[in-house]
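A quick write-up on the structure given underneath.
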Amino acid sequence: MFSELKFPVPWGHVAAKAWGPSEGYPVLCLHGWLDNANTFDKLIPLLPRDCYYVAMDFSGHGLSSHRPAGSLYHFLDYVSDVRRVAAALQWRRFTLMGHSMGGCVAGMDTEVWLKSKRMVIDRLLSLEAKQQTPKARSPEAALQRLLEANRHLTAEGGAILLQRGATETPAGLVYNRDMRVHMQSRESFTVEQCVKLLQKIQDRVLIIIAQDGLLVPHNLDSTNHFVKALWEAFESTLKQHIQLVEVPGSHFVHLNEPEVVSGIISNFLTAQNTRARL
């Protein structure tokens, strides 16, 4: 069983869902881009029951409020969402468990703030000028569109995400996500900067890589030097304090086959040193 939570923010609220005893060890769960808190629905019931898991919807996702008109979705603004939720919960020490973009947010150095690209701003102005009405789809069409856009999702996983990721209207299902999240400012880092940022993390880190997931070296073409170079850094300088585990499965292995990763995560959470980031 889970409970729904809402955290007030200046532009509305950040929605979340929680499992476990509120006095348990705190774990804040961060979903991936265009997903929502339901991405953890099948995984969390398999994890240690003495933890208090709060899975939040980032702004513009799931049941959380969209950012105000004229605002962009800067990548590091998601870090601000995390800080607001943690402050509302009065958590000082807790574990971060992130999938895909959520994992990147969990590892970001919040003191690093790069300027947005002018192109992103121009795209925002163009979108506002068009004033597009969200497209309504039948439940079947909404699920089919979601599956077409992400080959890693199963029909069951897609249906779980739609429960929180779409709203029923007289015309059909409308996706909840704010269209502006498609234009989030993707601040660019060099491999060297990424390595330095990761080296600054003092807590224990577990990174789970799905063998058939996104950005896996053997699945990339020869032009993607960034990820391959970052992978080499993991194997050398970062290996000392970051635990890197490969598992069979796709990008949504935690949702499609949660039993594949639940044991690994459970062992990490119950380790003697609970001061961790996941």
Side-chain angles (χ1 to χ4, degrees), residues 2-18 29-42 54-75 77-78 80-82 84-85 98-102 105 120-186 214 250-252 254-256:
F2 63 87
S3 59
E4 291 283 351
L5 304 175
K6 279 188 178 182
F7 304 100
V9 292
W11 57 92
H13 67 270
V14 170
K17 54 196 305 188
C29 309
L30 313 178
H31 63 76
W33 184 55
L34 301 183
D35 297 333
N36 55 69
N38 278 15
T39 195
F40 298 104
D41 275 10
K42 294 176 66 178
V54 174
M56 56 181 282
D57 293 326
F58 284 121
S59 294
H61 295 73
L63 302 181
S64 287
S65 299
H66 296 182
R67 292 196 181 277
S71 299
L72 293 170
Y73 283 84
H74 294 274
F75 188 83
D77 282 341
Y78 294 128
S80 175
D81 288 348
V82 171
R84 289 178 183 275
V85 170
H99 169 242
S100 194
M101 183 188 80
V105 172
V120 178
I121 298 175
D122 289 343
R123 289 180 63 191
L124 172 65
L125 296 176
S126 176
L127 178 66
E128 290 180 347
K130 291 179 181 178
Q131 292 288 316
Q132 292 179 334
T133 301
K135 183 176 180 179
R137 296 177 169 88
S138 68
E140 296 77 16
L143 176 59
Q144 184 61 32
R145 178 68 185 90
L146 190 61
L147 297 179
E148 288 174 354
N150 197 320
R151 65 180 179 83
H152 296 273
L153 268 179
T154 62
E156 181 187 13
I160 289 174
L161 290 179
L162 277 181
Q163 291 171 11
R164 196 177 186 89
T167 297
E168 188 173 354
T169 71
L173 286 183
V174 174
Y175 294 136
N176 290 340
R177 57 182 177 243
D178 191 333
M179 290 301 294
R180 287 172 294 173
V181 301
H182 286 276
M183 299 180 298
Q184 63 175 326
S185 177
R186 295 178 178 273
L214 304 177
S250 70
H251 185 61
F252 280 90
H254 70 291
L255 179 60
N256 298 335

Could you walk me through whether H99 and H251 pass the side chain to side chain contact (heavy atoms under 4.5 Å, CB included) check?
CA-CA 9 Å; H99 169 242; H251 185 61; 3.6 Å; yes
List the steps, then state whether side chain to side chain contact (heavy atoms under 4.5 Å, CB included) holds for D81 with V9.
CA-CA 9 Å; D81 288 348; V9 292; 5.9 Å; no
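L161 has its side chain out of reach of L34: every pair of non-hydrogen atoms, C-beta onward, lies at least 4.5 Å apart.
Annotation: the span from F58 atom CZ to M101 atom CE amounts to 4.5 Å, rounded to 0.5 Å. Taking OG of S64 as the reference point, atom CE of M56 lies at 6.5 Å (rounded to 0.5 Å). If you take CZ on R67 and CG on L72, they are separated by 10.0 Å, rounding to the nearest 0.5 Å.
Ring to ring, F40 and H31 are not that close: their centroids are 6.0 angstrom or more apart.
Between L162 and the options N36, N176, L146, a side-chain contact (heavy atoms from CB on, under 4.5 Å) holds for only L146. Residue D57 forms a salt bridge (Lys or Arg N to Asp or Glu O under 4.0 Å) with just one option from R177, R164, K6, and that option is R164. When L5, V54, N38 are each tested for a side-chain contact (heavy atoms from CB on, under 4.5 Å) with K17, only one passes: N38.
Atom CD of Q163 has more than 12 heavy atoms from other residues, nucleotides or ligands within 6.0 Å. Within 6.0 Å of atom CZ in R137, more than 12 heavy atoms from other residues, nucleotides or ligands are found, so the atom counts as buried in its surroundings.
Scanning both residues, Y78 and V181, for their nearest heavy atoms gives OH-CG1, 3.9 Å. Nearest heavy-atom pair, T169 versus A136, reported as atom, atom and distance to 0.1 Å: OG1-CB, 4.4 Å.
Checking side-chain atoms of S65 against main-chain N and O of H13 turns up a donor-acceptor pair under 3.5 Å. Side-chain N or O atoms of N256 include one that pairs as donor or acceptor with a backbone N or O of H152 at under 3.5 Å. A donor-acceptor pair under 3.5 Å is absent between the side-chain atoms of Y175 and the main chain of P134, judged by distance alone.
Using cut-offs of 30° and 60° for the angle between ring planes, the H254 and F252 rings count as parallel. Using bins of under 30°, 30° to 60° and over 60° for the plane-to-plane angle, the ring pair Y73/H61 lands in the perpendicular bin.
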